[in-house]
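Here's the structure we're looking at; comments come further down.
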Amino acid sequence: MTFREFDGVDPVTAASRILGGTLSANGVVVRIVEVEAYGTDPGGPWPDPASHSYPGPTRRNAVMFGDPGCLYVYLSYGMHRCLNVTCSPPGVAGAVLLRSAEVVDGEDIAFARRPTARRPADLARGPGNLGNALGIALEDNGSCLFGADARIQLSLDPVTEWAAGPRVGISTAADRPWRLWLPGSPAVSTYRRSPRAPGVGLAEGSTA
């Protein structure tokens, strides 16, 4: 697989391609079981006010406007390193947040990084925990995820069925069904609607 899997692809399609794939980094391999799609600025093809790219290019979100198939890492609440895979052509922002994963190799290393995890399903459950389990640092921001020399490797193994529902904890564009997950996986996170989001929201999920 190459970055071309995400070049010119809308964020939701990119999310469906990433779901079920594996990510390898720093001695740990995970299978991705939950993702969220995020779009671009108001003038782009997928305007999304919940996305970091919505204000336009900044120093923080520059990777989102760069090459597809790269890692966009940001810090949440000052401590959680969250991982995203960029999509769409250069100059057009789009990314897929990796929300949750199952550890398939290197479980002992993941537990050493996540000593408060009570069971294997908790190791990479939630975007911050996923970043910690893989030992991702802010310095990994912009890393290419494809190619023999890539230190962090993404391998795609798309699934044909998934559930879809609103994204977690956002207050704008809260009802877009841009969160995809694999039903039955114990590593999928719990849906929490932001108290700042208007309305009652959509049903928890639908099957694709």
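Start at 1 with the first residue, then count along the sequence.
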(request) Give the C-alpha distance, both sets of side-chain angles, the deciding distance and a yes or no for side chain to side chain contact (heavy atoms under 4.5 Å, CB included) between Cys82 and Leu97. (result) CA-CA 8 Å; Cys82 298; Leu97 172 66; 4.1 Å; yes
To the nearest 0.5 Å, what is the distance between [atom1] on [X] and [atom2] on [Y]?
{"X": "Arg125", "Y": "Arg119", "atom1": "CZ", "atom2": "CZ", "result": "6.0 Å"}
{"X": "Glu36", "Y": "Leu98", "atom1": "CD", "atom2": "CG", "result": "10.5 Å"}
{"X": "Trp181", "Y": "Arg99", "atom1": "CH2", "atom2": "CZ", "result": "11.0 Å"}
{"X": "Phe146", "Y": "Ser155", "atom1": "CZ", "atom2": "OG", "result": "8.5 Å"}
{"X": "Asp140", "Y": "Arg81", "atom1": "CG", "atom2": "CZ", "result": "9.0 Å"}
{"X": "His52", "Y": "Met64", "atom1": "NE2", "atom2": "CE", "result": "7.5 Å"}

Verify, without hydrogens or angle tests, whether [X] (side chain) and [Y] (backbone) share a donor-acceptor contact under 3.5 angstrom.
{"X": "Asn61", "Y": "Gly56", "value": "yes"}
{"X": "Asn129", "Y": "Ala124", "value": "no"}
{"X": "Ser76", "Y": "His80", "value": "no"}
{"X": "Ser88", "Y": "Val9", "value": "no"}

Are [Y] and [X] co-members of a hydrophobic cluster defined by side-chain heavy atoms under 4.5 Å apart?
{"X": "Phe6", "Y": "Val96", "result": "yes"}
{"X": "Ile136", "Y": "Phe111", "result": "yes"}
{"X": "Val85", "Y": "Leu182", "result": "yes"}
{"X": "Leu83", "Y": "Leu75", "result": "yes"}
{"X": "Trp178", "Y": "Trp162", "result": "no"}

Does any part of the side chain of [Y], heavy atoms only, come nearer than 4.5 Å to the side chain of [X], both counted from C-beta?
{"X": "Pro42", "Y": "Pro49", "value": "no"}
{"X": "Arg176", "Y": "Pro166", "value": "no"}
{"X": "Ser189", "Y": "Glu34", "value": "yes"}
{"X": "Asn84", "Y": "Leu71", "value": "no"}
{"X": "Ser53", "Y": "Asp41", "value": "no"}

Sequence neighbours excluded and cut-off under 3.5 Å, please list the side-chain donor-acceptor pairs for residues 17-32, or say none.
unit_1, atom_1, unit_2, atom_2, d
Arg17, NH1, Glu5, O, 2.5
Asn26, OD1, Arg151, NH1, 2.8
Asn26, ND2, Leu134, O, 2.9
Asn26, ND2, Gly135, O, 3.1

So, for [X] and [Y], which heavy atoms are closest and what is the spacing to 0.1 Å?
{"X": "Glu102", "Y": "Ser185", "value": "OE2-OG, 2.5 Å"}
{"X": "Ala50", "Y": "Ile170", "value": "CB-CD1, 3.7 Å"}
{"X": "Thr40", "Y": "Tyr54", "value": "O-CD1, 3.5 Å"}
{"X": "Leu180", "Y": "Val12", "value": "CD1-O, 4.2 Å"}
{"X": "Gly106", "Y": "Val103", "value": "C-CG1, 4.2 Å"}
{"X": "Leu130", "Y": "Ser100", "value": "CD2-N, 4.3 Å"}

(message) Let's go through Trp46 and Val92 carefully: what are the C-alpha distance in whole Å and the side-chain angles of both, what is the deciding distance for side chain to side chain contact (heavy atoms under 4.5 Å, CB included) to 0.1 Å, and is it a yes or a no?
(response) CA-CA 9 Å; Trp46 314 293; Val92 179; 3.7 Å; yes
(request) Let me see the working for Leu145 and Gln153 under side chain to side chain contact (heavy atoms under 4.5 Å, CB included), right down to the final yes or no. (result) CA-CA 5 Å; Leu145 299 174; Gln153 290 267 354; over 6 Å; no
(message) Between Arg113 and Asp108 (salt bridge meaning N to carboxylate O under 4.0 Å), is one present in this structure?
(response)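 The answer is no: the pair does not qualify as a salt bridge.
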(request) Determine, for Tyr38 and Arg167, whether the Lys NZ or Arg CZ falls below 6.0 Å from the six-membered ring centre while staying within 45 degrees of the axis. (result)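 Satisfied, under 6.0 Å and within 45°.
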(message) Restricting to ring pair (Phe, Tyr, Trp, His ring centres under 6.0 Å), what partner residues turn up for Phe65, sequence neighbours left out?
(response)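 For Phe65 there are no ring pair (Phe, Tyr, Trp, His ring centres under 6.0 Å) partners, ignoring immediate neighbours.
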